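One structure is given here, and the rest of the page talks about it.
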2 protein chains.
Amino acid sequence: MATPRGFSFVGGEVGDWRILGCDVVIGEPLPTASRLDIVEALIEKPPAGAAWSLRGVTSNERYVTRNERAQLVVKQPALGRAEASHAALIPIGKSSAWWELTQDERRELFEERSKHIAIGLRYLPAVARRLHHCRDLGEPFDFLTWFEYPPEHSEAFEELVRELRRSDEWKYVDREIDIRVVREGR
Amino acid sequence: MATPRGFSFVGGEVGDWRILGCDVVIGEPLPTASRLDIVEALIEKPPAGAAWSLRGVTSNERYVTRNERAQLVVKQPALGRAEASHAALIPIGKSSAWWELTQDERRELFEERSKHIAIGLRYLPAVARRLHHCRDLGEPFDFLTWFEYPPEHSEAFEELVRELRRSDEWKYVDREIDIRVVREGR
C-alpha cells in the first residue's frame, strides 16, 4: 500500500531521538524503548528490535476555519529547526462517545468550548507541530501529534499540554501517552 | 493491518453482483470486469483474476449536523433488503483544490450551496447507501459510495446522481466512475 503522507514512529534501540520519558496520561501503557526513529512511510511490520511502531498520515484539517488557518499560517514554524532539540510524541485515542458526535457537536467541543486552536496559537512560534491521523488505519490510537521546541520553551510546552488536558474536549480522551525525546543523532 | 470497518470491492470474474456497466464520468477509466465481489475486510492484494480492487473504511461523518443526522436516521433504510437487487458503486476522487479548503469552506460547498444531504434525503427510503473513505489509505479514489435500490426506483436513482453532478460541490470531482450492478448470486 503506497500511502502518501504516511509516517511511522518506531520505539526501540535506534533512531535520532533519545527517549527521556514515556508517561501514561490515561489508558494502557506502551512497552519500554530507549530511542525513537521516525520513518517517512507507513512501514508494514515493525523492524527487528522495535518495542512498538505507531503509524499515521497527515490529512486535510477537520475543524479549522479559514480565519483560524490564516492566523496559524502566519505564526506556525516549520519542523526541523536546529534549535528545536526537544520534542514530544503524544499518541491519543478518543472514546466512542466522541466519534458518535456529529461534526457540529465535535467542532463546538473542540473550539467553542475547549479553545483547542486558540490555546495552540498562544504557543506559536515556540512549538512546531504535525498532526497524524490513524483511526481509519486500524491503529491502536486515533491521533499522533509530534511537537518540536527549543529547550528554553520547555516550561511553555508543559503549560500547553496542561491547558489542553483541562479542556472539555479532553474528557473524551480514553488513551494518551506522553513521550518526551531529545535529538542526539544516531 | 487489522483495520475494522474496512471493505474491499473487487472487480473480476466472481462475486454476487453482475456488472451491467462501468461508465467514466470524469478521469481515468477502470479495467473491464464482469462481476463485483464485496469483501468485508481490507484485502492486501487483489485476488488472482481480479481486474481491480478498491478499498475503503466507514468512518465518522465529516459534515452532517445533529439535526441532519436525526432526519437521516428516521428515513434511511438498511443495506441488504431482498427487493434491492440493483446497486451502484461510485468511486470518486476530489481535486487538491477541494482538500486545501478549510472545514467551514467545505461544509458551505457541501450543504449550504450544493444541498448534498438535503438532496439525498429526498431519495430516502428508496436508496440505501454506505460511504467508504479511502484518501488516507493511499487508494486511487477518495471515496467509494455503495448504493442499493429496488429496480422500480431506478429512474429515481438516475435523478439523484444527476442532481448531485449538477452541484457546485461536483466541480471539485476530478475522477468518477459509475459502476452499475445487479444481484445474481455466485
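On a predicted model such as this, the values are computed, not experimentally measured, just so you know. Note on naming: letters A, B, ... go to the chains in the order of the sequence lines (proteins, then strands), and numbering restarts at 1 for each one.
Panel note: side chain B:Asp104, backbone A:Arg66; a donor-acceptor pair is recorded below 3.5 Å.
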Trace of the side-chain contact (heavy atoms from CB on, under 4.5 Å) decision for A:Arg135 with B:Arg5: CA-CA 11 Å; A:Arg135 179 170 184 253; B:Arg5 306 178 269 108; 3.5 Å; yes
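With rounding to the nearest 0.5 Å, the separation of CG in B:Asn60 from NZ in A:Lys94 is 10.5 Å. If you take CG on A:Leu72 and OG1 on B:Thr102, they are separated by 11.0 Å, rounding to the nearest 0.5 Å. Here the CD atom belonging to B:Gln103 is positioned 10.5 Å from the CZ atom belonging to A:Arg69, to the nearest 0.5 angstrom. In this structure, CG on B:Asp136 lies 8.0 Å from OG1 on A:Thr58, to the nearest 0.5 angstrom.
Contacts with chain A were tallied for B:Val57, B:Val64, B:Thr65; B:Thr65 has the most, counting heavy-atom pairs under 4.5 Å.
Transitive grouping of hydrophobic side chains (ILVMFWY, heavy atoms separated by less than 4.5 Å) keeps B:Phe147 and B:Leu79 in distinct clusters. Criterion: ILVMFWY side-chain heavy atoms under 4.5 Å apart, direct or through other members. Under it, B:Leu160 and B:Tyr63 are part of a common hydrophobic cluster. Cluster membership check: A:Leu89 shares its hydrophobic cluster with A:Ile38, using side-chain heavy-atom separations under 4.5 Å among Ile, Leu, Val, Met, Phe, Trp and Tyr. Linking Ile, Leu, Val, Met, Phe, Trp and Tyr residues whenever their side-chain heavy atoms come within less than 4.5 Å places A:Val161 and A:Leu131 in a single cluster. A:Leu54 and A:Val39 are assigned to two separate hydrophobic clusters, defined by single-linkage of ILVMFWY side chains at heavy-atom distances under 4.5 Å.
With a 4.5 angstrom heavy-atom cutoff, B:Glu61 touches chain A via backbone and side-chain atoms both.
Within 6.0 Å of atom CD in B:Glu105, more than 12 heavy atoms from other residues, nucleotides or ligands are found, so the atom counts as buried in its surroundings.
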